[in-house]
Structures are given as structure tokens and as C-alpha cells.
Amino acid sequence: MSRSEPQHASTVEDVIGAFGRNEPVLVHDAADREGETDLIYPAGAVTADAVAQMRNDAGGLVCVALSDPVCETFDLPFAQDIIDHPVSSNLDLAYDDRSSFSLTVNHRDTYTGITDDDRSLTIRKLADAATVGEEFDFATEFHAPGHVHLLRAAPNLLSDRQGHTEFGLALADAAGQPPAVVVCEMLDDETGAARSPTSARAYAQHHDLAFIEGRDLIDRLG
Ligand SMILES: O=C(CO)[C@H](O)[C@H](O)COP(=O)(O)O
Ligand SMILES: [Mg+2]
Ligand SMILES: [Mg+2]
């Protein structure tokens, strides 16, 4: 990007509007946290093509973040609270106090669970679960372990924690979407490191997608 070209920048309203139209958005958390940009979708809008875009253009872990009330409804724990093994103790993450990982699941109508069709089905059914709530029979519809990682959001979202888990759920809330979003880290094809914010902005501009810094979401939605 030449110095004369303005950096691709979206307002919070742009991002909320895009999310409300079922479009994916890019969110960079912060240089002093993960320093990662995630491609984030409303879970109900995720098609097999969207999973392919995450696989090919992002390359990170495809996860579904669910709100705290939804996780309470379906008794979805934090993984580190249920793994009875020494590896789950003394969790000393470099970027935050804890991860948001919960269980991994597949919808029971999937075959192996990993294909674009299978993962998109599991993801859309998770959006259904988040929409329906306690009438949804979670254990009848899903089994664990599976190929879609669930993430549990903090109860008070960005007031409590400023991870992509909470950014995604705060966006869903502001956009009137169900409390289930897909997040996938964007990695650099050459280096394997996190795609830089500059490169992520260029990707967003090229694909006419909204890009926003986490601090802008915290200021507006925190
Ligand atoms: O680790 C992760 C799961 O692939 C990603 O960083 C994802 O963005 C959610 O985690 P967090 O809320 O901590 O950012
Ligand atoms: Mg992470
Ligand atoms: Mg993250």
C-alpha cells in the first residue's frame, strides 16, 4: 500500500451494518494481546463456501463462539475446567488470563465432520441452538468430540474480556444476530505468522469487507 493511499478503515456502524447483512467482518484484537485479525461471521450465515474461504484465506482454527447464557443453557464448560489431566493446570497463556475454549462438537447428521459441508452444517445448527434456546435438545443434535471448536464468551462481553470471542458476540448483539458467531484467525501464507493488520486491511479492501480495530469496538460497545 503506497503512503498516499489511505488505510482501509470502517466505522463501527459499517461493521455492525455488514454483520446485520450476514457479511463477514475482520477484527484485529490489539497489538498487545494476540495481535491477530479474525474473519468473523454470524454463524447462521455460514455456507460451505464460507468455510472454504476461512480454510483458504484465513487458515486458522474455525470456532463458534457462543454467549454465556447460551453456554449456561446447554451446560457448555470451559475446557480447562473439565480436562482431568496435568496439562490443564497452571495455564500460563502469554496473551490473556484464560482461553475461551469449551468442547468440540459435530452435528449428528455430519459424516466425518471436517468437510466444508459438514462443518457448515454443524455451524448453522449451532446458530439454531443459540436462537431456540432451552427447547433445543443439544445432546440429541450434536456429539463430542468433533471438528468445530466451541468458545464460551464472558458474561459481560467486552467489559469482562477483549478477545475475538467477545468482539464477535458484541457485534452479534449490536447487529441483532443470534448469539453465535464463527471466528477464524487470518494467517500469513508466506511466514505462517498472524497476518499483519496492514495485510488484513488490504484483504478487506480487495474483498470489499469491513475491517476494524478492537479498540473501536470496545469504545462503542464495551
Ligand atoms: O484462540 C482462538 C481460537 O482459535 C482465537 O484467538 C479466537 O480468536 C478466539 O479466542 P480469543 O477470544 O481468545 O481471541
Ligand atoms: Mg487465540
Ligand atoms: Mg483471538
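We count ligands from 1, going down the list as the structure has it; atoms in each ligand are counted the same way.
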Just to confirm my output: which protein heavy-atom neighbour is closest to [atom], and how far is it?
atom                    : result
atom 8 (O) of ligand 1  : Asp38 OD2, 2.6 Å
atom 6 (O) of ligand 1  : Glu34 OE2, 2.8 Å
atom 5 (C) of ligand 1  : Glu185 OE2, 3.2 Å
atom 12 (O) of ligand 1 : Thr165 OG1, 2.7 Å

Task: Tyr95, any N or O under 3.5 Å of ligand 1 N or O - done: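 N/O-N/O distance under 3.5 Å: no.
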Is there a path from [X] to [Y] through hydrophobic residues (I, L, V, M, F, W, Y) whose side chains come within less than 4.5 Å of each other?
X      : Y      : result
Val181 : Val64  : no
Phe136 : Val148 : yes
Leu151 : Leu76  : no

Applying a strict 4.0 Å limit to heavy atoms, is [X] in contact with ligand 1?
X      : answer
Asp29  : no
Phe167 : no
Arg33  : yes
Ser99  : no
Asp96  : no

Task: Rounded distance [0.5 Å steps], CD1 in Ile82 versus CG in Leu103 - done: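 It comes to 5.0 Å.
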Task: Euclidean distance, Thr37 OG1 relative to Asp29 CG, rounded to 0.5 Å - done: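 Output value for this atom pair is 7.5 Å.
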TODO: Evaluate whether atom CG of Asp208 has more than 12 neighbouring non-hydrogen atoms of other residues, nucleotides or ligands under 6.0 angstrom away.
DONE: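 At most 12 heavy atoms, drawn from other residues, nucleotides or ligands, come within 6.0 Å of this atom.
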TODO: Would you indicate whether Glu134, at its atom CD, is surrounded by more than 12 heavy atoms from other residues, nucleotides or ligands within a distance under 6.0 Å?
DONE: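 It does not: Glu134 CD has 12 such atoms or fewer within range.
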Task: Parallel, tilted or perpendicular: rings of Phe142 and Phe138 (30°, 60°) - done: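 Ring orientation, 0 to 90° scale: tilted.
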Under 4.0 Å to a heavy atom of [X] - the qualifying atoms of ligand 1, by number:
X      : value
Gly163 : 12 (O), 14 (O)
Leu151 : 9 (C)
Glu36  : 6 (O)
Leu61  : 4 (O)
Cys63  : 3 (C), 4 (O)

Task: Check ion pair Arg220-Glu13 (N to O, under 4.0 angstrom) - done: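 A salt bridge links Arg220 with Glu13.
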Task: Note: Glu72-Arg152 ion pair, threshold 4.0 Å (strictly below) - done: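 Here Glu72 pairs with Arg152 in a salt bridge, since their nearest N and O are under 4.0 Å apart.
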Task: Test: Arg33 cationic atom under 6.0 Å from Tyr95 six-membered ring centre, within 45° of axis - done: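 Verdict for Tyr95: no cation-pi partner in Arg33.
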TODO: Please name the atom of His164, restricted to N, O or S, that is closest to the Mg ion (ligand 3).
DONE: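 Answer by atom name: ND1.
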Open item on the list: Looking only at N, O or S atoms, which one in Glu34 sits nearest to the Mg ion (ligand 3)?
Closed with: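 Nearest to the Mg ion (ligand 3) within Glu34's N, O and S set: OE1.
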Open item on the list: If I take every N, O or S atom of Glu36, is at least one of them less than 2.8 Å from the Mg ion (ligand 2)?
Closed with: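 It does not; every qualifying atom lies at 2.8 Å or beyond.
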- [ ] Assess the side chains of Ser159 and Asn156: does a donor N or O sit below 3.5 Å from an acceptor N or O?
- [x]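 Looking only at side-chain atoms, Asn156 and Ser159 do not form any donor-acceptor pair under 3.5 Å.
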Task: Options His149, Arg98, Arg161, His164, ranked by nearest heavy atom to atom 14 (O) of ligand 1, top entry - done: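 Considering heavy atoms of His149, Arg98, Arg161, His164, the nearest to atom 14 (O) of ligand 1 sits in His164.
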